[in-house]
Amino acid sequence: MFDFDATLPIMALQFLLLTYILNLVFYKPLTKALDERDAYVRENEVDARERLSKAEKLVKEYELQIAGARRESQSILEQAQADAKNINAQKTAEAQQQVQSEREKAAQEIQQQKEAAMQSLEQQVDALSRQILEKLLGAELVR
Amino acid sequence: MDNLALIGMASIVIAGLTITVGSIAPALGEGKALAQALSAIAQQPDEAKNITRTLFVGMALVESTAIYCFVITLILIFANPFWNYFIEKAAG
Amino acid sequence: MEILDGLTVINSFTLAELEVGEHFLWKIGNFSVHGQVLITSWLVIGLLVLASVAASQNIQRIPSGIQNFMEYALEFIRDLAKSQLGEKEYRPWVPFIGTLFLFIFVSNWGGALVPWKLIELPSGELAAPTNDINTTVALALLTSLAYFYAGLSKKGLGYFKGYVEPIPILLPIKVLEDFTKPLSLSFRLFGNIVADELVVGVFVLLVPLFVPLPLMALGLFTSAIQALIFATLAGAYIHEALEGHGEEEHG
């Protein structure tokens with residue numbers, strides 16, 4: 001069981017040979033593959049991070065634009081509301097003015113007609129009163 | 001009893017004693033290591049994986065003490081260096 | 001002489017058809033070789049090389065199948081080496097530590113999972129290559145050479161200054177350590193695998209059905225841990241040689 005013989009050096013040589021062969025067919029190619037994959041993944045990661053930052057920048061830009069547009073639309077809306085209010089007020093004032101003036105005109109006309117009617121009435125009163133006088137006093141006396 | 005019988009008897013008795021006594025200390029040590037590892041895992045369950053791995057490696061190292069005793073036992077029983085000497089002496 | 005016969009019976013004790021200490025000897029010139037160890041080790045090596053070739057033959061950016069599996073193994077090994085040797089030094093040592101891990105792991109599991117008993121040999125039996133002390137000592141000695149090489153190539157002869165660095169009085173202990181390191185490495189691996197196979201063998205002898213299964217599962221677990229430990233300790237020793245004898249990491 002504890003007898004040493006030529007198995008020992010043979011085994012040692014065999015093992016060194018195995019190390020050499022495995023170094024050629026296992027460690028070197030697979031280590032290379034692992035390192036390449038690491039490099040590839042790292043590269044991709046850097047690339048992806050760059051793209052992500054670019055996308056984030058774009059998003060920020062667009063958000064800025066959207067905010068600007070919203071502000072603009074808000075201001076346009078306010079402008080339009082103000083305009084509408086103005087126009088409304090103006091039209092109302094105009095209409096009121098027109099109504100006022102028409103009413104005044106009508107009142108004036110009424111006044112005029114009233115005056116004219118009064119005048120003709122007075123004339124009639126005069127003529128009637130004269131006729132009454134003539135009838136009462138006689139035509140010679142009146143003149 | 002002649003020398004050969006004495007050597008055979010002594011070898012076998014000592015072989016049994018070697019593995020008996022040689023198992024006690026590593027067993028105690030492994031128990032202690034396991035207890036420590038369990039309390040460590042109880043304190044830090046997140047590190048359980050790491051602790052377990054170290055525990056196994058450490059336990060195997062502790063156990064090598066018992067394995068050395070076992071090898072000595074094997075030598076005593078299967079490759080006793082004195083047998084050949086005395087067999088030659090008895091034959092010659 | 002009757003007692004003598006009894007002893008030889010003990011010496012070649014057959015345990016549940018698990019022959020301890022029997023070898024399928026080959027003669028090459030004046031040297032004898034453990035044939036069953038070499039046969040299984042060739043199978044293990046062949047399996048590893050085949051899997052590697054299959055994995056690296058057609059390398060895709062998005063891995064699938066065997067490539068994915070072997071990449072997982074490679075990443076595991078790289079993490080292991082990195083955690084032991086540090087980010088800066090680990091790359092040139094990945095093949096050595098990784099091959100240690102893979103070879104031991106596949107050997108252990110091959111020995112435990114493949115029913116080698118079905119193949120008859122003239123003597124001895126097929127089992128895990130790490131079941132033989134020659135294999136484990138070979139691996140442990142290579143580890144020793146590796147850390148000497150690491151220290152010498154990093155610091156030149158100044159590496160040996162590390163032996164008297166904190167205080168020269170520790171010199172004998174440090175020299176002794178260079179011997180105990182491969183000894184403990186090889187005996188730990190050998191003992192674990194043999195113990196596992198013996199325990200399973202004894203249980204199969206006592207209760208042939210189902211009862212040995214949990215033990216076999218435990219054996220698989222220990223085998224994997226042992227492979228991990230061998231590789232980890234090899235990495236730790238190499239790291240120690242690279243960094244100087246400052247920190248003691250010894251198992």
Side-chain angles (χ1 to χ4, degrees), chain A residues 1-70, chain C residues 11 20-23 25-35 37-38 41-42 44-45 48-57 59-63 67 70-71 73-75 77-78 91 94-100 102-103 129 131-139 141-142 145 190 194:
Chain A
M1 180 167 251
F2 292 91
D3 39 354
F4 296 99
D5 52 17
T7 319
L8 199 156
I10 290 176
M11 194 56 90
L13 283 180
Q14 215 160 252
F15 180 79
L16 286 180
L17 193 69
L18 177 69
T19 310
Y20 180 72
I21 294 173
L22 283 194
N23 191 29
L24 283 187
V25 300
F26 176 50
Y27 298 108
K28 269 187 189 159
L30 281 193
T31 305
K32 209 173 124 218
L34 282 183
D35 288 350
E36 273 175 8
R37 185 173 315 134
D38 274 359
Y40 174 75
V41 167
R42 206 173 304 129
E43 208 172 273
N44 268 10
E45 214 183 332
V46 167
D47 200 29
R49 200 164 290 151
E50 230 165 58
R51 262 188 233 170
L52 190 70
S53 70
K54 207 182 272 177
E56 265 167 11
K57 215 197 280 174
L58 274 184
V59 163
K60 210 166 272 175
E61 210 168 278
Y62 286 145
E63 262 170 13
L64 222 64
Q65 281 186 6
I66 286 172
R70 195 168 287 153
Chain C
N11 209 355
V20 179
E22 287 281 310
H23 294 296
L25 287 178
W26 290 348
K27 294 273 177 199
I28 301 175
N30 286 329
F31 304 106
S32 61
V33 169
H34 297 175
V37 178
L38 289 184
S41 71
W42 292 338
V44 168
I45 288 171
L48 281 175
V49 171
L50 273 184
S52 310
V53 169
S56 61
Q57 202 178 29
I59 291 178
Q60 305 285 330
R61 178 170 284 152
I62 297 162
Q67 191 196 342
M70 293 306 274
E71 272 183 16
L74 180 61
E75 278 190 6
I77 290 162
R78 280 172 75 173
R91 268 179 185 266
V94 164
F96 181 71
I97 292 172
T99 314
L100 272 178
L102 286 178
F103 181 72
N131 186 16
D132 192 273
I133 190 88
N134 288 296
T135 314
T136 60
V137 169
L139 296 179
L141 284 180
L142 281 178
L145 286 181
F190 169 74
V194 170

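Naming convention: chains lettered A, B, ... in sequence-line order (proteins, then strands); numbering from 1 in each chain.
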Study note, to complete from the structure: So, the part of Tyr20(A) with a heavy atom under 4.5 Å from chain C: the answer is neither
Study note, to complete from the structure: Residue from Gln67(C), Glu71(C), Gln57(C) scoring the most non-hydrogen pairs under 4.5 Å with chain A is Glu71(C)
Check your understanding: Is it the backbone or the side chain of Ile45(C) that comes under 4.5 Å from a heavy atom of chain A, or both, or neither?
Key -> both
**Study point:** Donor-acceptor pair, side chain of Ser56(C) and main chain of Leu30(A), under 3.5 angstrom
**Key:** no
Review point. Atom CG in Leu16(A), atom CZ in Phe96(C): separation rounded to 0.5 Å?
Key: 7.5 Å
Point to revise | Leading residue by heavy atom contact count with chain A [cutoff under 4.5 Å; candidates Asn134(C), Leu74(C), Val49(C)] | key: Asn134(C)
Practice item. Quick one: pull up CG in Asp5(A) and CD1 in Ile133(C) and give me the separation to the nearest 0.5 Å. Key: 12.0 Å
Practice item. Could you check Phe103(C) against Thr19(A) for side-chain contact (heavy atoms from CB on, under 4.5 Å), going step by step and ending with a plain yes or no? Key: CA-CA 9 Å; Phe103(C) 181 72; Thr19(A) 310; over 6 Å; no
Exercise for review: First locate atom CZ of Phe26(A), then atom CG of Leu102(C), and finally report the distance between them rounded to the nearest 0.5 Å.
Suggested key: 5.5 Å
Exercise for review: Could you look at Leu18(A) and say if it's the side chain, the backbone, both or neither that has a heavy atom under 4.5 Å from chain C?
Suggested key: both
Review point. If we only count heavy atoms from C-beta on, is the Leu34(A) to Arg78(C) side-chain gap below 4.5 Å?
Key: yes
**Study point:** Least distance between heavy atoms, Ala6(A) atom then Phe31(C) atom
**Key:** CB-CB, 3.5 Å
Point to revise | Between Leu141(C), Leu100(C), Val53(C), the one whose heavy-atom pairs under 4.5 Å with chain A are most numerous | key: Leu100(C)
Practice item. Between chain C and each of Leu17(A), Thr31(A), Thr7(A), Val25(A), count heavy-atom pairs under 4.5 Å; write down the option with the most. Key: Thr7(A)
Check your understanding: Can you tell me how far the OG1 atom of Thr99(C) sits from the CG atom of Asn23(A), to the nearest 0.5 Å?
Key -> 7.5 Å
Review point. Does any non-hydrogen side-chain atom of Leu38(C) lie less than 4.5 Å from one of Gln14(A)?
Key: yes
